[in-house]
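All remarks here apply to the structure that follows.
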Amino acid sequence: MTTPPKPPTPPTPPTPPATAPTAPGPAARPPLLTRPLMLRFVSLIGSSVSFFLLLSVVPRYATASGAGLATGALMLSTVLGELAAPRFVARHGYRVALVAGLCLLGVPALVLTVSHDLVWVAAVCLVRGLGFALTLVAGGALTASLIPAERRGEGLALVGVVSGVPSLIALPLGVWLAAHVGYTPVAVTAGVAALAAIASVPGLPERELTSGRPVGVVAGLRTGGLVRPAVVFATTALATGIIVTFLPLAVPAAHTGVVAVALFVQPAASTAARWTAGRHGDRHDPARLVLPALLLSSLGMLITALTGSPVAVLAGVTVFGIGFGIAQNATLTLMYARVTASGYSTVTALWNLAYDGGMGAGAVGFGAVAGWTGYPWAFAATAVLMLVALIPACLDRRAGTPARGDGADRPQVRSPSGDKR
């Protein structure tokens with residue numbers, strides 16, 4: 001009996017060739033407006049409203065003799081608080097530091113009008129300055145940790161808008177309310193704004209989202225990758241302090257209306273440029289924006305030196321505003337990219353110190369120079385002086401930004417002993 005032949009084995013289907021993974025498109029980008037970030041916006045708006053609502057009101061309440069002392073105490077304690085805040089955040093975490101800052105900002109405001117005594121007002125300002133510093137450093141570091149690295153520039157630009165709009169509204173509103181309803185209601189409103197924001201804090205993360213040893217302010221000041229962009233930003237902030245302080249005095253009385261327009265155009269241009277720079281920096285390299293930001297800021301100051309021409313003044317503050325907005329976003333984005341999340345509080349402190357210190361130094365130094373040269377030449381001299389920062393700006397352009405996924409958020413800060421943190 002013959003065995004039937006076996007049926008032929010079907011051929012094995014060929015294995016399809018492996019396809020290279022496609023690059024993620026815009027739809028694959030991580031979401032920006034997450035629930036924690038929206039909750040963070042609540043405390044951000046609360047602290048901004050509380051601080052700026054009383055910024056111009058307290059000096060008026062303290063009378064002319066104590067106005068300078070009140071503002072000086074506020075800014076001094078803010079700077080000192082920014083120096084100490086990173087260590088406090090590293091020890092206690094974001095939520096405790098943010099609640100402490102909001103309490104120190106809000107509670108003294110509730111009792112501001114208990115007395116007109118200058119010592120009392122100065123003490124209230126000292127405490128509020130410490131509170132504001134804590135909200136800046138702890139809140140800023142927390143905000144940076146909530147923004148995806150791929151969208152950090154755009155996220156920081158959005159944060160700038162969220163914090164900037166309340167400050168633009170609250171600053172003149174506080175003065176208007178004090179004149180129409182009195183100081184006490186304004187002070188109570190400022191206190192409640194900060195304290196009510198505490199309700200949003202429990203929904204926020206407690207500590208850094210990634211591991212890493214905390215970076216101290218001293219170690220940050222020894223790190224070129226952080227100091228260079230901070231110096232460039234301080235230089236542009238120096239010019240900002242000059243414009244907001246002396247432009248009303250430098251423009252002839254016949255063109256006083258131009259000053260009001262100019263002081264609105266400058267922050268508006270900065271806000272728009274900050275947003276554009278953030279989106280551009282996310283797609284390219286924010287380090288390449290630092291040098292153009294400095295050059296635009298210097299050019300704007302040089303044009304503004306023509307204080308007798310309304311067209312020149314408006315053009316100058318517009319160009320400067322664009323440069324300053326780019327500098328705000330590019331320098332902060334770059335500094336965050338050069339540390340781990342545990343160093344965000346130090347970056348926030350250094351950047352805000354550059355902001356406050358630059359504005360203060362600009363206002364003080366310019367006053368002395370203008371008294372000798374006159375306002376137009378002092379503006380021109382400032383534009384030239386700003387070019388000194390070309391050195392750190394060019395060095396940062398060469399250094400670039402760490403590549404995301406292969407260098408971004410690596411610890412770039414060295415401790416005094418030389419080990420990376």
Side-chain angles (χ1 to χ4, degrees), residues 36-37 39-48 50-51 76-107 126-147 149 152 155-156 159 163 194-195 197-223 226-227 230 332-333 335-357 409 411-416 420-421:
L37 186 59
L39 284 174
R40 166 61 192 135
F41 285 164
V42 175
S43 58
L44 180 62
I45 293 172
S47 60
S48 294
S50 179
F51 182 81
L76 174 63
S77 61
T78 299
V79 170
L80 294 177
E82 288 167 351
L83 289 171
R87 184 177 295 275
F88 187 90
V89 174
R91 175 171 296 183
H92 300 287
Y94 293 136
R95 290 204 298 255
V96 172
L98 197 52
V99 169
L102 290 170
C103 285
L104 293 176
L105 190 60
V107 172
L126 283 171
V127 177
R128 279 175 51 81
L130 291 175
F132 189 57
L134 271 176
T135 63
L136 285 176
V137 176
L142 172 59
T143 304
S145 72
L146 297 175
I147 298 173
R152 181 177 285 125
L156 293 176
V159 171
S163 63
L195 296 176
I198 295 176
S200 67
V201 176
L204 299 173
E206 174 58 31
R207 292 186 180 273
E208 292 85 0
L209 300 181
T210 61
S211 60
R213 292 177 58 191
V215 178
V217 174
V218 175
L221 290 172
R222 295 179 179 178
T223 305
L226 299 183
V227 172
L332 187 57
T333 302
M335 292 169 72
Y336 279 135
R338 290 175 174 174
V339 298
T340 61
S342 60
Y344 286 169
S345 59
T346 294
V347 165
T348 307
L350 291 177
W351 191 83
N352 280 287
L353 283 171
Y355 203 158
D356 299 334
D409 297 330
Q412 301 292 318
V413 178
R414 294 183 181 270
S415 66
K420 282 194 173 185
R421 290 189 173 184

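- Distance check: L126 CG to T78 OG1 gives 9.5 Å after rounding to the nearest 0.5 Å.
- Closest non-hydrogen pair, A85 versus A133, comes out as CB-O, 4.4 Å.
- Of all heavy-atom pairs between V89 and A97, the closest is CG2-CB, 3.9 Å.
- Between S47 and L98 there is no side-chain heavy-atom pair separated by less than 4.5 Å.
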Practice problem: Apply the test side-chain contact (heavy atoms from CB on, under 4.5 Å) to residues V339 and T346: give CA-CA distance (whole Å), side-chain angles for both, the deciding distance (0.1 Å), then the verdict. | Solution: CA-CA 9 Å; V339 298; T346 294; over 6 Å; no
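- Using a 4.5 Å heavy-atom cutoff, the side chains of T135 and F51 are not in contact.
- The minimum heavy-atom distance between L146 and P205, with the atom names listed, is CD2-CG, 3.8 Å.
- Counting heavy atoms from C-beta outward, V227 and L350 have side chains that stay 4.5 Å or more apart.
- Closest approach of G129 to S77, counting heavy atoms only: CA-OG, 3.1 Å.
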Would you list the atom pairs, donor with acceptor, under 3.5 Å between side chains in residues 39-46 and any protein atom, with sequence neighbours excluded?
residue : atom : partner : partner atom : Å
R40     : NE   : G139    : O            : 3.3
R40     : NE   : T143    : OG1          : 2.8
R40     : NH1  : S43     : OG           : 2.7
S43     : OG   : R40     : O            : 2.9

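- Counting only distance, with no hydrogens or angles, the side chain of R152 and the backbone of I147 share no donor-acceptor pair below 3.5 Å.
- Among the candidates Y94, Y336, W351, the single residue satisfying the ring pair (Phe, Tyr, Trp, His ring centres under 6.0 Å) test with Y344 is Y336.
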Exercise. Give the C-alpha distance, both sets of side-chain angles, the deciding distance and a yes or no for side-chain contact (heavy atoms from CB on, under 4.5 Å) between V79 and L353.
Key: CA-CA 6 Å; V79 170; L353 283 171; 3.5 Å; yes
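- Take V127 and apply the side chain to side chain contact (heavy atoms under 4.5 Å, CB included) test, not counting sequence neighbours, and it matches L104, P108.
- Minimum interatomic distance between L102 and L195 (heavy atoms only, all atoms of both residues): O-CD2, 4.0 Å.
- The two residues L204 and S200 have their closest heavy-atom pair at CG-O, 3.8 Å.
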